[in-house]
Amino acid sequence: MYLLLLSIIYLAFISLGLPDSLLGAAWPVMRQTFDVPVSYMGVVSMIISGGTICSSLMSERLTKRFGTRYVTLVSVFLTAVALFGFSTASQFVFVCLWAIPYGLGAGAIDAALNNYVSIHYNARHMSWLHCFWGVGTIISPYIMSYALAKSAWSSGYRAVSFVQFGIVIVLACTLPVWNIHKKKTDEEKEPAIIGLKGALKIKGVPWLLFGFFAYCAAEATAMLWTSSYLVGVRNVSEKTGAAFASLFFIGITVGRFVSGLISDRLGDRNMIRLGIVVALSGALLVMLPFETDLPTLTGFIVIGLGCAPVYPSIIHSTPYNFGVANSQAIIGIQMASAYIGSTFMPPLFGVLSNITGLSLMPFFIAAFLLMTIIMVEKSFEKSKRTFDT
């Protein structure tokens, strides 16, 4: 039963990743369909992230009221419906409307599952589970690339929505398996609600939120704009750009598999430090004006490799740094701060790119990576002093 539950959670993490890379891969063609500027992708991502902020802030109450399993089931169903809605959109406004349920579903499952895994599983499983998120993000651009070659971008969205509906059926049929941890957690017992104000009073939490904001700003920019960067700066074809949009996701997926092998030995803090250094090296490769495309393509993979351990290590360290009783509230707020970065920074880059050009992208990413390590280091210092006293 233990291994079966772990397999179910792995599957749920794939469902988290499947939709995340679709928009960036499809956007160069989608924007032509709707006759909108390239920067309008930021509008869609902002709406999606806005929904995740709302549901992340509610995740503590939702999870403690209904339990992780039901929050997971309903959230995947919402994303499946939203993706099918994307495939039917005939105008840009309908894409924006379907982005609302997608965002609401993504935020709730993200906060609930991350807290559940951080409490019940060790660091290597956190890394490998997020590796499976990367599996989902790698699959999607290739589905979209095939759809663009054979049919239209709407077919790519429809195909991924059917996969999500299949995952919903599996989750519904395996709900009783989650009882394996029922006696080990107070998740379904109505513990006290800490809330936003209570969490912010805990030493180190505000610094952590700024760090997570910065990291997800960098990650979301790489996730959403890689295809457009390759098309607009390196002059590759739109089909090739859609396929190569998976480069970042390949790096982050491989990196999370490798991280799982060493994370228990190095610890969360050292994994974060190592990841930021590697990601900055990748950004440098993209920055340099090589005539050939190979260093740029390699650079996006290296950025992904560096980003790989940062997200799972920050999440996994939360119960240890701030206490299990506080972790669901803090992780929910972490998700909200992360999606604030995802909401506002990629659109900001879109606006800036209209002025300076898409070549700004690696510098933009590097600035937020530096902010990440500064804020997270401060958080670890503050939380350590809190638990030492």
Side-chain angles (χ1 to χ4, degrees), residues 15-56 58 74-110 136-137 139-168 220-221 223-228 231 238-239 241-242 245 339-340 342-351 353-354:
S15 80
L16 271 172
L18 279 171
D20 284 352
S21 54
L22 273 181
L23 182 61
W27 187 248
V29 176
M30 285 179 69
R31 76 177 190 87
Q32 294 177 12
T33 301
F34 302 123
D35 192 24
V36 295
V38 65
S39 60
Y40 272 40
M41 180 173 66
V43 175
V44 181
S45 66
M46 183 172 65
I47 295 170
I48 292 171
S49 297
T52 63
I53 292 168
C54 294
S55 57
S56 294
M58 290 295 296
V74 173
S75 296
V76 177
F77 177 75
L78 277 176
T79 60
V81 171
L83 291 173
F84 186 81
F86 270 50
S87 74
T88 66
S90 57
Q91 298 180 41
F92 179 71
V93 66
F94 293 118
V95 173
C96 294
L97 290 174
W98 284 112
I100 296 172
Y102 169 45
L104 290 172
I109 187 177
D110 209 358
T137 62
I139 293 170
S140 291
Y142 285 104
I143 293 175
M144 183 57 69
S145 180
Y146 182 82
L148 291 175
K150 299 294 183 179
S151 180
W153 62 265
S154 57
S155 298
Y157 268 101
R158 191 172 296 115
V160 175
S161 76
F162 291 155
V163 174
Q164 291 285 76
F165 279 120
I167 294 173
V168 170
T221 301
M223 183 187 303
L224 290 170
W225 289 100
T226 295
S227 179
S228 296
V231 173
E238 290 166 346
K239 278 196 304 183
Y339 287 117
I340 290 173
S342 300
T343 299
F344 293 105
M345 295 306 103
L348 174 62
F349 173 74
V351 172
S353 70
N354 285 336

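All values below come from the heavy atoms of this structure, side chains included, with hydrogens, waters and symmetry mates left out.
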So, taking the atom named [atom1] in [X] and the one named [atom2] in [Y], what distance separates them when rounded to the nearest 0.5 Å?
X    : Y    : atom1 : atom2 : value
L83  : F162 : CG    : CZ    : 11.0 Å
S155 : I143 : OG    : CD1   : 11.5 Å
L78  : I100 : CG    : CD1   : 12.0 Å
W27  : T33  : CH2   : OG1   : 9.5 Å
W153 : R31  : CH2   : CZ    : 14.5 Å
L97  : I47  : CG    : CD1   : 7.5 Å

Mind listing the closest non-hydrogen atom pair of [X] and [Y] along with its distance?
X    : Y    : answer
S140 : V160 : OG-CG2, 4.2 Å
L148 : A25  : CD1-O, 4.5 Å
A89  : V95  : CB-CG2, 3.6 Å
S228 : P28  : OG-CG, 4.3 Å
G51  : L104 : O-CD2, 3.5 Å
L16  : A106 : CD2-O, 4.2 Å

Any side-chain heavy atom of [X] sitting closer than 4.5 Å to one from [Y]?
X    : Y    : value
W98  : P101 : yes
F94  : F86  : no
S161 : Y157 : no
L18  : T79  : no
M30  : L23  : yes

Notebook entry, point to check: Should the heavy atoms of other residues, nucleotides or ligands under 6.0 Å from OH of Y146 be counted, would the total exceed 12?
Noted result: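 Not more than 12 within 6.0 Å, no.
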
Check whether any side-chain N or O of [X] sits under 3.5 Å from a backbone N or O of [Y] as a donor-acceptor pair, and report yes or no.
X    : Y    : result
S353 : G350 : yes
S154 : T88  : no
Q164 : V76  : no

Notebook entry, point to check: Should the ring pair Y40 and F92 be called parallel, tilted or perpendicular, given that the plane angle runs from 0 to 90° and is split at 30 and 60?
Noted result: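 Tilted, since the angle between the ring planes falls between 30° and 60°.
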
